Amino acid sequence: MYNIPEIISDATADALKELYDANIAMDKISVQETRKEFEGDYTIVVFPFLKTSKKNVGDTAQEIGEFLTKTYPAIKQYSIVKGFLNLHFDDRFLVDQFKVISFQKDYGKQAQKNEKVVLEYCGPNTNKALHFGHVRNMMVGYATANILQAVGYKVHKVNILNDRGIAICKSMLTWQKFANGTTPESEGIKGDLFVSNYYVKFAEVHKQQTEALLTKGLNPKDAQAKAPIQQEARAMLRKWEAGDKATLALWEKMNNWVYAGFEETYKRLGVDFEKNYYESKTYELGKAIVAKGLKSGLFYKKEDGSVWVDLTEDGLDEKILLRSDGTSVYLTQDLGTAQERYKDFKMDQSIYVVADEQNYHFKVLQLILQKLKKPYADGIFHLAYGMVELPGGAKMKSREGTKVDADDLLDEMVEKAKIETNKLGKIEDFTETEKATLFHQIGLGAMKYFILKVHPKKRMVFDPEQSIDLVGDTGPFIQYAYVRTQALMRARKGKTIEIEQIQLEESEKNLIKLLDIYPAKIEAAAKNFDPSEVANFAYDLAKSFNKFYADLPILKGTDDKTKNFRLQLSQQVGAILLSAMTLLGIQLPQRM
RNA sequence: GGCCUAGUAGCUCAACUGGAUAGAGCAGCUGCCUUCUAAGCAGCAGGUUUCAGGUUCGAGUCCUGACUGGGUCACCA
């Protein structure tokens, strides 16, 4: 099905062919909604056609206008302002277009394609709790997966757990030293937070010891490396790599605490993964790939035994792939993980949702895989999102305690939703469970929308002092518009409705025009990997609906024909709001 | 320093990928609830789109150069 701007583009192409015998590229034809300070519904920009018409702007516009009004009865009249041809549509055409939309099942979604996508998101380290940056990652990843699914891709959502290395050893070490055998259960603390606390504890002790060494005259770098606790952590890492049983057992125990904690947060956020990958399991495979590349001469070994790849011809640097002691690095692990994934899914595309500070890493990763002639190399796409900053440009760092903990933020948002909702006093008849569900929906809706309305690649600022609004351009605003549509549906009592032709008001036309382009919006969002296009569309639609709702009577003071049409329009708006917000992973309540 | 990236109202974000007089929300000020939910609606005020050139019918958008911020260039992940 074509939307109205597409229909107009086609018609314009016909006009150009008929009038000037010219085939013009479709992307030269620009059709937009007429700006509200001018008369008309849609506007064609005629400047690009002047070369083919060989006439001045006014004449060209007039000829096209004449042709269109004569050929298409739906176009009632036209007007020309400068180089812009404004078309006025017959209401009947818009009503018919709306009818078509109403009858569509799964409006906005496309048929299944035969293309598989693996989308990796979240990617936490197992030594610290999830923070706001992870939340952005998860929101962008989850929404993008839904959007790709909506346009027909088969999407596999996967997670990568960075479960090995020196960092987790730090938490393990301080737990051994200071925890006296306590556990998340015994302390009643979420597992990831529990382990995270010992990571912070390590940083504290390390700082003290470093400072002590500094007073003895060591330089800062040496002091950090020679601090006893740092040495112990390194020793522990060596034991882990050597497969020491006790170390592995401790590692497993603490990681499991963390995973249990993560699971809780995933569940609250409503995200899920089809499969988990663990670096501890893929790094060996990565090493094997490196060994093969070494044999084929693609990589080379330095005197100290470390393995490198030279990417200077491609404008990049030399990159290390294996340390001199034979242990693997970040890149090695990602090579292994990619291979493992291809074995599992035979995907056409791999999307990595990872912060933009990793841009260089992914360039290198893809280039190496291309040089290795891996079939999945070209399908790699790094969906880079900007870092979340605190006001004043401060960065969030776990170690320095300047991060916003994901769970704290969720609690805070739900609490805020509760306070504001109770203030309004509209849900006194709800049960406690219903109330709890609603507060969760509103609090999370606000947070998710706050993140998703911003273009992923842009840095965003979050001020923990100010919290997230519930009024204006927010999640609850859209939820509220939906709730209004649902109240109307309850009043309608499920009666089926026949749509008849009526005279359209301005705010009704606006809604039809918005509904008309919803599928195109999803398609653009999928093409650009940009959920914010869906978020902003939902806001526009909600805003237009609120205006419609305020301007026009629906149930009372209308004749049957008008009432039926407005009810049907409201139902369709509700359905599309629900569809769009579901793509974003935001729930909509029936009442609020 | 090299490369990458961004700079739009006091603040947080838009701008259909080059189209008309740059739009929303928050914060500030006015109005609107005895008729469908005021988490709403209408209005006022707020801009030399960092700056300087260029490309063209037309530039917030493309090019060049500055300025400012961020990222990256680890035998960390």
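Side-chain atoms are counted along with the backbone in the values below, which use heavy atoms only and exclude waters and symmetry mates. Quick caveat, the model's predicted, so the values are computed rather than measured. Residue numbers start from 1 in every chain, and the chains themselves are labelled A, B, ... in the order their sequence lines are given, proteins ahead of strands.
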For this session: State whether A/Lys509 and A/Asp516 are salt-bridged, where the test is any N-O pair (Lys NZ or Arg NE/NH1/NH2 against Asp/Glu carboxylate O) under 4.0 Å.
Result: no

Note: for A/Asn359 and A/Tyr42 on RNA chain B, the residue whose nearest nucleotide lies more 5' is A/Asn359

Taking atom types as modelled and ignoring hydrogens, do the side chains of A/Asn510 and A/Ser544 form a donor-acceptor contact shorter than 3.5 angstrom? no

Legend entry - Charged N-O contact under 4.0 Å between A/Asp41 and A/Lys513: yes

Once base and sugar-phosphate atoms are separated, protein heavy atoms under 4.0 Å mark nucleotides 22-32 of chain B, 5' to 3', with B, S and - as -SSSS------

Q) Does a side-chain N-to-carboxylate-O contact under 4.0 Å join A/Lys423 and A/Glu420? A) yes

Worksheet item: Looking only at atom types and distance, does a side-chain atom of A/Asp469 sit under 3.5 Å from a main-chain N or O of A/Val471, one as donor and one as acceptor?
Response: no

Note to self: Once you apply a heavy-atom cut-off of 4.0 Å, does A/Asp530 come out as touching a base, just sugar-phosphate, or nothing?
What the structure shows: nothing

May I have the step-by-step check of side-chain hydrogen bond (donor to acceptor under 3.5 Å, both in side chains) for A/Tyr360 and A/Asp317, ending in yes or no? CA-CA 10 Å; A/Tyr360 187 72; A/Asp317 301 300; 2.8 Å; yes

Taking atom C1' in both B/G58 and B/U17, compute the distance separating them and give it to the nearest angstrom. 16 Å

A/Met460 has its side chain closest, among B/A20, B/C36, B/C13, to B/C13

N/O donor-acceptor pair, side chain A/Thr34 with base B/A20, under 3.5 angstrom: no

A/Phe38 has its side chain closest, among B/A20, B/G70, B/U37, to B/A20

Can you check whether A/Phe47 stacks with the B/G19 base, using ring centres under 5.5 Å and planes within 30°? yes

Testing B/U37, B/A77, B/U12 for proximity to the side chain of A/Asn162, the answer is B/A77

Whole-Å distance, A/Lys28 NZ to B/U56 P, equals 14 Å

Of the candidates B/C76, B/U37, B/A6, the side chain of A/Arg323 sits closest to B/C76

Against the side chain of A/Asn546, the closest entry in B/C41, B/U72, B/U12 is B/C41

Regarding B/U17, purine or pyrimidine glycosidic angle vs 90° from 0 gives syn

- Distance between C1' atoms of B/U37 and B/G46 (Å, rounded): 32 Å

Considering only heavy side-chain atoms of A/Lys547, the closest of B/G19, B/A20, B/C41 is B/C41

In whole angstroms, the gap separating C1' of B/C13 from NZ of A/Lys448 amounts to 21 Å

Expected label for B/C33 (glycosidic angle, syn inside 90° of 0, else anti) would be syn

State, with a plain yes or no, whether a side-chain heavy atom of A/His131 is found less than 4.5 Å away from one of A/Pro124.
-> no

What do the steps show when you test A/Thr126 against A/Asn255 for side-chain hydrogen bond (donor to acceptor under 3.5 Å, both in side chains), and what is the final call?
CA-CA 6 Å; A/Thr126 59; A/Asn255 269 346; 2.9 Å; yes

Closest to the 5' end of RNA chain B, once A/Lys363 and A/Phe477 are matched to their nearest nucleotides, is A/Lys363

Expressed as a whole number of Å, how far does the C1' atom of B/U55 sit from that of B/C63?
7 Å

With the side chain defined as heavy atoms from C-beta on, A/Val454 is closest, among B/A20, B/C13, B/A74, to B/C13

Annotated structure of RNA chain B as dot-bracket, pair cut-off 3.5 Å, Watson-Crick or G-U only, | for inter-strand, is (((((((..((((.....[...)))).(((((.......))))).....(((((..]....))))))))))))....

